[in-house]
Amino acid sequence: MSRFYVTTPLYYVNDKPHLGTAYSTVTADVLARYHRLFGNETLFLTGVDEHGQKIQQAAEKRGKSPQEHCDELSETFKNVWRDFDIQYDIFFRTTSGFHVTAVQKALQELFDKGDIYANTYEGWYCVSEEIFYTEKELVDGKTPTGKEVVRISEKNYFFRMSKYQTRLVEYINTHPDFIRPENRKNEVLGFLRQPLADLCISRPKSRLSWGVEIPFDHDYVTYVWFDALLNYATGVGLYQPARTDEFHKWWHEAGANHLIGKDILITHAVYWTTMLLAMGVPLPKTIFAHGWVLNRDNEKMSKSKGSVMDPKEMIGFAGVDALRYFFVREIHLGNDAPISHELIMNRINNDLANNLGNLLSRTTTLIDKFFGGMTPAFQPQVAGADPMSRELIDHATSLASKVKSLIEDFQPSLALENIVELLNETNRFLESKAPWKTAKTDPATAGQHLYMAVEILRITGTLLSPVMPAKCRELLKTIGVKSLAWESLSQWAVTAGQTSIAKAPPLFPRIELT
Ligand code: ME8
């Protein structure tokens, strides 16, 4: 059996989720739900990044202890993911005891083998990104993304990242699907053309106490990225003897697929991978960096700019399934894309109200009116008699395998485009066959054309269910479909004759800007 392991970044709990963080989580959820539909054993990990200066400061601001603050915020994240119908298997918190112990084991092991050493750090530090910068990396005295930096000089511990640079470059060059899309791979290779500095992985407790204590020096805590990145592996059992089999199954056999935003490409493709090389643990299968959801000024929607859209408000406007659909269909995975009420409205009205919703409502209305609400039985000699029908049936039965290979290739927007194209073709087919007219003169043929529409609604409704779980459940219930078996999607005439079809209320009412 195939297995699929997908992760999102662990979001900082310095604030509640916004539409940008929702985008990553929805995309990972859609991929996970597709793989479950394919019959793959699937594991979906998401969660929160709870240590570090940013969180300590956020807690102080709210007058809470860091732990209290994290407990509250992680509940907020869970609630928002519930609103988005996210079906994760693991909600990871970096304050979990098992993780803290495993991080300390990793630190001790790397210290014992000489890959972590003490030195004095002299340089620039960005509090909001929690990243050290060299002089060369600064742009006009700020980080490349324009954040403030402060000068720092202190004893710290360093991870010998430079030692693994050559091996990493070699690995990237020999594994073309490791860092995706291609432009991000090139960005990482470009970054690796300069000599890598070693990575400062500690913070003195005098400056920051909220973190995982360094096991070989109790005056220090671990750099938040060193702690957080390990989650992907500790979440499935790394450095936990009782979970060895689980770790083997998900990390070694399935391999992890890290879906991240392009803002955290280097931390994943360079820090995390060299950490794994040093620990002698296999690298993930894929690191896929998606683009940014942009605000109305075409800038990255971000908490620090205060330009975020509130998920609840957007769900209220579009409906959760339609919003999930918008994310996946409108944004080609890897590209940046603007988001606005108008774009959402246009996409939903075109693809869902006028197309899918229209096909469902005209099909069920006609079956109700002319066939007493029962599907006619399939008659191949009638339905397959003309080339247009045969072509439509061919397209319908080959759609599932097309969708599967596009999803496996991280191209969900193209998968949806293919599904919508079949719905368009079916609406055109009905317009040309006009069963609302022929029902009176040639009911047998009209019945077969409507039967074809029902079959296509079964196939497309199932293929859209990972994107719009609740709406598709409703759709499939309306046309009497009980099972979502993957194999049935490449088969024709699965719907039995005399299946009772309910007259559907509009599944996706058109939305208007008020
Ligand atoms: O970086 N468009 O957490 P974070 C698309 N804790 N995606 C966006 C986005 C936008 N406008 N804004 C945020 C961290 N994201 C670390 C990660 S991983 C071990 C540690 C998404 O709360 C995107 O996935 O700043 C981005 O990478 C992530 O949120 C950053 O979340």
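Read the numbers this way: they start at 1 and go in the same order the structure lists the ligands and their atoms.
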Report summary line: Closest non-hydrogen atoms of Gln56 and Ser209, given as atom of the first, atom of the second and distance, are OE1-N, 3.3 Å
Query - Interfacing atoms of ligand 1 (cut-off 4.0 Å, heavy-atom, Asp49) - result: 6 (N), 16 (C), 20 (C)
Query raised in the report: How are the rings of Phe44 and Tyr88 set relative to one another: parallel (under 30°), tilted (30 to 60°) or perpendicular (over 60°)?
Result: perpendicular
Report task. Return yes or no for this condition: an N or O of Asp263 is under 3.5 Å from an N or O of ligand 1. Result -> yes
Report task. Determine, considering heavy atoms only, which of Ser24, Gly47, Ala28 sits nearest to atom 24 (O) of ligand 1. Result -> Ser24
Report task. Over 60° means perpendicular and under 30° means parallel, so classify the ring planes of Trp251 and Phe247, tilted if in between. Result -> parallel
Query raised in the report: Going by distance only, is there an N or O of Leu229 that falls short of 3.5 Å from an N or O of ligand 1?
Result: no
Query raised in the report: Under 4.0 Å from any heavy atom of Gly291, which atoms of ligand 1 are there?
Result: 5 (C)
Query raised in the report: Are the aromatic rings of Phe92 and Phe98 close, with centres under 6.0 Å apart?
Result: yes
Query raised in the report: Out of Asp336, Val293, Ile55, whose heavy atom is nearest to atom 5 (C) of ligand 1?
Result: Val293
Query raised in the report: Do any nitrogen or oxygen atoms of Leu10 come within less than 3.5 Å of a nitrogen or oxygen of ligand 1?
Result: yes
Query raised in the report: What closest approach, in Å, do Pro311 and Phe84 show between heavy atoms, and which atom pair accounts for it?
Result: CB-CE1, 3.4 Å
**Report entry** Per-atom contacts, ligand 1 versus Ala228 - under 4.0 Å to a heavy atom
**Finding:** 19 (C)
Query raised in the report: So, Gln108 and Asp112: side-chain donor and acceptor under 3.5 Å apart, yes or no?
Result: yes
Report task. Could you check whether the rings of His268 and Tyr232 sit parallel, tilted or perpendicular, using 30° and 60° as the cut-offs? Result -> tilted
Query raised in the report: Does Asn14 approach ligand 1 within less than 4.0 angstrom via side chain, backbone, both or neither, non-hydrogen atoms only?
Result: neither
Query raised in the report: In ligand 1, which numbered atoms sit nearer than 4.0 Å to a non-hydrogen atom of Lys300?
Result: 9 (C), 11 (N), 12 (N)
Query raised in the report: Mind checking whether His290 has a heavy atom under 4.0 Å from ligand 1?
Result: yes
Requested in this report: Look only at the side chain of Asp409 and the backbone of Ser405, and say whether a donor-acceptor pair between them is shorter than 3.5 Å.
Outcome: no
**Report entry** Contact check: Tyr232 vs ligand 1, nitrogen or oxygen atoms, below 3.5 angstrom
**Finding:** no
Query - Atom indices of ligand 1 within 4.0 angstrom of His268 heavy atoms, with elements - result: 18 (S)
Query - Sub-4.5 Å side-chain heavy-atom contact between Pro144 and Tyr133 - result: yes
Requested in this report: Answer yes if the ring centres of Tyr157 and Phe216 are under 6.0 angstrom apart, and no otherwise.
Outcome: yes
Query raised in the report: Which option, Ala337, Pro9, Gly20, owns the non-hydrogen atom nearest atom 8 (C) of ligand 1?
Result: Gly20
Query raised in the report: If we only count N/O pairs under 3.5 Å, is Tyr12 in contact with ligand 1?
Result: yes
